[in-house]
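Data block below; observations after.
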Amino acid sequence: GGGAGLVSGVVKTEDSKEVEDVETELMSNTPGYPKYDMTDDAGLYAFDDNALTQNYEVTGTKDDDYLNGVSTIDLVKLQRHILGLELLDSPYKLIAADINNDRRINGQDLVELRKLILGIYTELPQNDSWIIMKAGQTMDMNNPWSYDESITISEMASDMMDVDFIGVKVGDLDNSVIANAAQSTVTNSRGTSFSFDDAVVAAGEQVEVTMTTAEALYGYQFTLDMTKMELVTVTGVEESNVAVFDAAMTMSMASTEAVTGELFTLTLTAKEAGKVSELLGMNSSITKAEAYVGKNLEQVDLQLGGAQDAGYSLGQNEPNPFKEQTRISYTLPESAKVQMTLYDVTGKVLEVIRAEGEQGENVLTVSNEKLTTGVVYYKLETGEYTATKHMIVIE
């Protein structure tokens, strides 16, 4: 028979985000095939003028931007699944968690995904960035890997308008992938910082820097600029959580329990003289700087803050816990305006106190009038200095 028909469809993620730049391929034994088409920002593709009564096979591939939607928060979720603490709740997430493509989910997947996050890998050696599969399949939680990646059309008799696919982003377990240019990125509502004791060092001098946090973290990741410092050792974390490059160091840590206080210690050699706080910087050049706070894994920006012996300090409130009032002490090297922000575990700002701080020790009195019962964080900001601690409000 003669005539020609249209083959078209859409590619979407599990949660209905349209996936652009998927290369779809239409294969046939007819001369002139296969044909190729890229999905647009609505996830649509189309092949026209196809001979009727022919057999066709349609497939899709997308193999770029491996880190899209992937961060240490996915390691936390993967770790919880492996330990049976919080199981992944869909077959698509199980497919996304099989990082090394061996149809099992275990510790090796953690190792491979962490290497991608740390920048050791720029792509996964045993898996693609995306799995593009036939939409509408019945998925089995006990065996999610029994899926079809192609759609077969036998003896096409008319236009085929719903040849649809599902795109699964490998490594993305929290549905954070940016699937198309029309999708907006999510901006973190607040941030947190690592504090350390500052020091003045000479060129060639070795120094130990211990990073601490006042927040309860379930994970964090970052890049350290090492152009002015040379890393000697890292203690307090496993070697597999760290990657070292010519002028940078990356770290990715995931935990099933909240960690606070001292996190890890860097032994560094200064390449030039100066303050450690001026020689060492945190950025997102390889691994994005962010942390995950609380059991709901709130994602917050991460930075270096509070160099403690530069004349600044933030004290623990007294009394703690407290019912009606508490006092927060802080020290300044010179008189300056200060801002104390108090917020709950979700990042909601409860109160902002502004004051004229004097050189030396200062005390702020805080009442429970605007605060919530439970853990409340307080952050001091003045000039370039910032520090955060937490207190407990009781009824």
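All of these numbers come straight from a predicted model, not from anything done at the bench.
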With side chains defined as the heavy atoms from C-beta onward, is the minimum distance between Thr152 and Asn55 less than 4.5 Å?
no

Side-chain H-bond candidate by donor/acceptor type, Thr260 with Thr213, under 3.5 Å
no

Would you please classify the geometry between the Phe264 ring and the Phe194 ring as parallel, tilted or perpendicular, with 30° and 60° separating the classes?
perpendicular

Please tell me whether Asp174 and Ser176 have a donor and an acceptor in their side chains that are separated by less than 3.5 angstrom.
yes

With sequence neighbours excluded, what pairs up with Tyr292 under the ring pair (Phe, Tyr, Trp, His ring centres under 6.0 Å) test?
none

Which atom pairs, one a donor and one an acceptor, fall under 3.5 Å between side chains of residues 236-248 and the rest of the protein, sequence neighbours left out?
residue : atom : partner : partner atom : Å
Asn241  : ND2  : Ser252  : O            : 2.8

Report the relative orientation of the aromatic rings in Phe165 and Tyr45; use parallel for angles under 30°, tilted for 30 to 60°, perpendicular for over 60°.
tilted

Summary of salt bridge (Lys or Arg N to Asp or Glu O under 4.0 Å) pairs that have at least one residue in residues 212-234, sequence neighbours excluded
Arg190-Glu215

Checking Phe322 now: which residues fulfil ring pair (Phe, Tyr, Trp, His ring centres under 6.0 Å) with it, not counting sequence neighbours?
none

Among all residues two or more places apart in sequence or in another chain, which pass the ring pair (Phe, Tyr, Trp, His ring centres under 6.0 Å) test with Tyr56?
Tyr33

Without swapping roles, check the side chain of Lys169 against the backbone of Ala179 for a donor-acceptor pair under 3.5 Å.
no

Side-chain donor-acceptor distances from residues 112-121 under 3.5 Å, at least two apart:
residue : atom : partner : partner atom : Å
Glu112  : OE1  : Tyr121  : OH           : 3.4
Glu112  : OE2  : Tyr121  : OH           : 3.2

Would you kindly say whether Glu57 and Ser150 are connected by a side-chain donor-acceptor distance under 3.5 Å?
yes

Once you round to the nearest 0.5 Å, how far does CG of Asn317 lie from NE2 of His390?
9.0 Å

Quick one: does Tyr92's side chain get under 4.5 Å of Asp15's, heavy atoms only?
no

